[in-house]
Amino acid sequence: MIRSQSCIDFNQFLNQKVIEINRMYPIVTFENGSLTIECSWRLRKGNSIIVGSAETEVENKHNKSYEIFEKTLLNNTIKHITHYEDISDLNISLDNNIYLDLFHESSLYEGWQLSGAEGFLLVSLPGGSYSYWTSNNIKEGH
């Protein structure tokens, strides 16, 4: 399946470092923005999975999984962001061949929220569509 990429401008996030991670959802904080993850995710190095959200659900793997997640992402720099429109998934490329992939999987709940400067907010909506806000306008995706 060929996936449609959105034309959203993510330049404001490029070269920002990951400065904090809150395990609540998790919430990944950048120098000037944040990502709240409320869906399935995986963290990989190239084509190899390092850790995924499934591991954080296992009681005796929870803390170790988040330690790996944090150690891999903290102080790493964003190089590229890809947003897919057909089902609102997100891929964040970072230094050292690291990728954070988010997979929206719910018809009832939001999947994730990416916020930045100047009112930038991109939300993966229930069912797989999205909404995108900036300080000047609101755009709805399909």
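No hydrogens, no waters, no symmetry mates; every other heavy atom, side chains included, goes into these values. For reference, positions follow the sequence shown, starting with 1. Every value quoted in this text rests on a predicted model; they were computed, and no experiment measured them.
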[atom1]-[atom2] distance between [X] and [Y], expressed to the nearest 0.5 angstrom:
{"X": "Tyr99", "Y": "Leu43", "atom1": "OH", "atom2": "CG", "value": "12.0 Å"}
{"X": "Asn22", "Y": "Ile37", "atom1": "CG", "atom2": "CD1", "value": "11.0 Å"}
{"X": "Lys64", "Y": "Thr56", "atom1": "NZ", "atom2": "OG1", "value": "15.0 Å"}
{"X": "Leu122", "Y": "Phe10", "atom1": "CG", "atom2": "CZ", "value": "5.0 Å"}
{"X": "Leu35", "Y": "Ile92", "atom1": "CG", "atom2": "CD1", "value": "5.0 Å"}

Would you say [Y] ends up clustered with [X] if hydrophobic residues are merged whenever their side chains have heavy atoms under 4.5 Å apart, either directly or through other cluster members?
{"X": "Ile81", "Y": "Tyr132", "value": "yes"}
{"X": "Leu73", "Y": "Phe13", "value": "yes"}
{"X": "Leu102", "Y": "Ile21", "value": "yes"}
{"X": "Phe103", "Y": "Leu100", "value": "no"}

Of all the heavy-atom pairs spanning [X] and [Y], show the shortest one and how long it is.
{"X": "Ile19", "Y": "Phe30", "result": "CD1-O, 3.4 Å"}
{"X": "Ser65", "Y": "Glu55", "result": "OG-CB, 3.1 Å"}
{"X": "Trp112", "Y": "Ser88", "result": "NE1-O, 2.9 Å"}
{"X": "Gln5", "Y": "Thr82", "result": "CD-CG2, 3.5 Å"}
{"X": "Leu94", "Y": "Lys79", "result": "C-CG, 4.0 Å"}
{"X": "Ser107", "Y": "Pro126", "result": "O-CB, 3.4 Å"}

Step by step, would you call Cys39 with Tyr109 a side-chain contact (heavy atoms from CB on, under 4.5 Å)? CA-CA 9 Å; Cys39 63; Tyr109 303 104; over 6 Å; no

Applying side-chain hydrogen bond (donor to acceptor under 3.5 Å, both in side chains) to Gln113 and not counting sequence neighbours gives Glu110

For Leu14, does the CG atom have more than 12 heavy-atom neighbours from other residues, nucleotides or ligands under 6.0 Å away? yes

Polar side-chain atom of Asn76 near backbone of Asp95 as donor-acceptor pair, under 3.5 Å: yes

If you define the side chain from C-beta out and look only at heavy atoms, does anything of [X] sit under 4.5 Å from [Y]?
{"X": "Val51", "Y": "Thr72", "answer": "no"}
{"X": "Ile98", "Y": "Ile50", "answer": "yes"}
{"X": "Asn63", "Y": "Arg23", "answer": "yes"}
{"X": "Phe69", "Y": "Val28", "answer": "yes"}

Matching residue for Asp89 among Ile87, Asn91, Asp86 - test: side chain to side chain contact (heavy atoms under 4.5 Å, CB included): Ile87

Sequence neighbours left out, what pairs pass side chain to side chain donor-acceptor pair (under 3.5 Å) with at least one residue falling in residues 24-47? Ser34-Ser115, Ser40-Glu105, Arg42-Asp101, Arg44-Asp101

What about the rings of Tyr130 and His83, do their centers lie closer together than 6.0 Å? yes

According to ring pair (Phe, Tyr, Trp, His ring centres under 6.0 Å), who are the partners of His62, at least two apart in sequence or on a separate chain? Tyr66

Could you go through the side-chain contact (heavy atoms from CB on, under 4.5 Å) check for Phe120 and Ile8 one step at a time? CA-CA 10 Å; Phe120 181 102; Ile8 296 171; 3.9 Å; yes

